[in-house]
Participant: 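Just passing along the structure, written as structure tokens.
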There are 2 protein chains.
Amino acid sequence: MVSKEADIRNAIWQLAFQFKVSSKKAIRQYGLPLNGMHVRILHMIGATPACTANRIVLASGRDKAQITRLLKELESMLLIQRTPNPDDKRSQIVSLSEKGEALMARAREAEQDVVTRLLKGMKKDEIDRFVGLAGRMLDNLREE
Amino acid sequence: MVSKEADIRNAIWQLAFQFKVSSKKAIRQYGLPLNGMHVRILHMIGATPACTANRIVLASGRDKAQITRLLKELESMLLIQRTPNPDDKRSQIVSLSEKGEALMARAREAEQDVVTRLLKGMKKDEIDRFVGLAGRMLDNLREE
DNA sequence: GCTATTTGGTGGACAATATCAACCATATTC
DNA sequence: GAATATGGTTGATATTGTCCACCAAATAGC
């Protein structure tokens, strides 16, 4: 017999792990030369106007050294480009290159497949509720 | 403006990541010489009667090579012990040593703190619903 | 203005986690 | 008894995460 705490712990671990595995597989099947973090960061860059490295750090919660390296990789793959940030000479604005946009269009398809499968048989309000609860839990962990 | 798919994706990634970070920190603060996977596996071993390596592989979804190595580490730390499996000479039954039990008692406390924080302000039925939805999503991803 | 501190970013070094394939010994199937 | 499947191990390598020192520009305090 397992406790409720174990349930929630397990639910989070397992769901995240399986989701990662499925996403990775989908990306592979589409023949895209990207791994998980690449895709996540490209998403953020695509969705964030005037995106700087620091914004990605804050939004992702990852270490800034990690972000620096990932951006360097993405740049060497010609998927993103950097332009000077007029507001702060220390930083640069990163944006998707054409090649990056094209790749992400396909990545979105691949990920869409996974999300569709994930949400199969779920009602709209169930999904909303789930996302809402997850958000509250996240806030709980973050504050303090 | 972000799509619903991005919401659910983000919710899962972020919650899992923050949960991992918080758990790791809690374990550290308790001064326990364990990392995330160690704790997860020790949990399973403690909760599974006649636990074999293969059971951990199946329950965790991780690669069996990874499990082998983690078990080897845990054994060298004297947290677990292996005894021959009477039903199959290829495998062994792993179980917590006294030292392992003691450590896990403290790890449970540390993790309990995190779960308590995670669930702050959540109603029982909200938690149940969340775990239930997570389970369904997990099934969706796993089947096929 | 001019230090002192903070902030955005980079690099080194390394730890933790994950993946893939080859392989051995036993178990199972036929 | 041969062929195949299964539990487990090892090697090699990729990915992800962490910590620390550091530089240059920005900001705060005076």
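Naming convention: chains lettered A, B, ... in sequence-line order (proteins, then strands); numbering from 1 in each chain.
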Participant: Counting just side-chain N and O atoms, does A:Ser91 come under 4.0 Å of either OP1 or OP2 of C:dG9?
Facilitator: yes
Participant: Where the side chain of A:Lys64 is defined as all heavy atoms beyond and including C-beta, which of C:dA27, C:dC20, C:dT10 is the nearest nucleotide?
Facilitator: C:dT10
Participant: Nearest whole Å is fine: how far is C:dT17 P from B:His38 NE2?
Facilitator: 7 Å
Participant: To the nearest angstrom, how far is A:Arg90 atom CZ from C:dT5 atom C1'?
Facilitator: 12 Å
Participant: Is there a path of hydrophobic side-chain contacts, each under 4.5 Å between heavy atoms of I, L, V, M, F, W or Y residues, that connects A:Ile80 with A:Val39?
Facilitator: yes
Participant: Say whether A:Arg40 and A:Asn35, considering side chains only, have a donor N or O and an acceptor N or O under 3.5 Å apart.
Facilitator: no
Participant: OP1 or OP2 of C:dT19 versus the side-chain N and O atoms of A:Lys24: is any pair under 4.0 Å?
Facilitator: yes
Participant: For A:Arg28, does the CZ atom sit with more than 12 other heavy atoms under 6.0 Å from it, leaving out its own atoms?
Facilitator: no
Participant: Return the value, rounded to whole Å, for the distance between atom CD1 of A:Ile56 and atom P of C:dT10.
Facilitator: 10 Å
Participant: Parallel, tilted or perpendicular: which describes the rings of B:Phe130 and A:Phe130, with under 30° parallel and over 60° perpendicular?
Facilitator: parallel
Participant: Yes or no on salt bridge (charged side-chain N to carboxylate O under 4.0 Å, His left out) for B:Asp88 and B:Arg90, after CA distance, side-chain angles and deciding distance?
Facilitator: CA-CA 5 Å; B:Asp88 190 331; B:Arg90 291 168 304 180; 2.7 Å; yes
Participant: If you assign each of B:Phe17 and A:Arg28 to its closest nucleotide in DNA chain D, which residue comes earlier from the 5' end?
Facilitator: A:Arg28
Participant: Please give the angle, rounded to 10 degrees, between the axes at the start and the end of the helix from C:dG1-D:dC30 to C:dC30-D:dG1, where five pairs define each axis.
Facilitator: 40°
Participant: Reckon B:Gln66 has a side-chain N or O less than 4.0 Å from the OP1 or OP2 of C:dT17?
Facilitator: no
Participant: Please give, in whole Å, the distance from C:dA27 P to B:Gln92 CD?
Facilitator: 13 Å
Participant: For A:Leu74 and C:dG9, give me the distance from atom CG to atom P, rounded to whole Å.
Facilitator: 15 Å
Participant: C:dG9 P sits how many Å from A:Arg82 CZ, rounded?
Facilitator: 9 Å
Participant: Which heavy atom of B:Ser97 sits nearest a heavy atom of B:Leu78, and at what distance?
Facilitator: OG-O, 2.7 Å
Participant: Please list, in 5' to 3' order, the outermost nucleotides of DNA chain D lying under 4.0 Å from any heavy atom of chain A.
Facilitator: D:dT15 to D:dA26
Participant: Is A:Asn54 touching bases, backbone alone, or none of the nucleic acid, heavy atoms closer than 4.0 Å?
Facilitator: sugar-phosphate
Participant: What's the shortest heavy-atom distance between B:Trp13 and A:Lys20, and which atoms?
Facilitator: CH2-CG, 3.9 Å
Participant: For B:Ser91, does its backbone N or O pair with a side-chain atom of B:Asn85 as donor and acceptor, under 3.5 Å?
Facilitator: no
Participant: Short question: side chain of A:Arg136, backbone of B:Gly121 - any donor-acceptor pair under 3.5 Å?
Facilitator: yes
Participant: I need the CZ-P distance between B:Arg62 and C:dA16, as an integer number of Å.
Facilitator: 16 Å
Participant: Under 4.0 Å, heavy atoms only, any strand: does B:Arg55 hit a base, just the sugar-phosphate, or nothing?
Facilitator: nothing
Participant: Could you tell me how far apart B:Asp87 (CG) and C:dT26 (C1') are, to the nearest whole angstrom?
Facilitator: 13 Å
Participant: Base, sugar-phosphate alone, or nothing: which one does B:Arg69 contact when heavy atoms must sit under 4.0 Å apart?
Facilitator: base
Participant: With a non-hydrogen cut-off below 4.0 angstrom, is B:Asp88 in contact with a base, only sugar-phosphate, or nothing?
Facilitator: sugar-phosphate
Participant: Between C:dA15 and B:Asn35, is there an OP1 or OP2 to side-chain N/O distance shorter than 4.0 Å?
Facilitator: no
Participant: How far does CE of B:Met137 sit from CG of B:Leu141, to the nearest 0.5 angstrom?
Facilitator: 9.0 Å
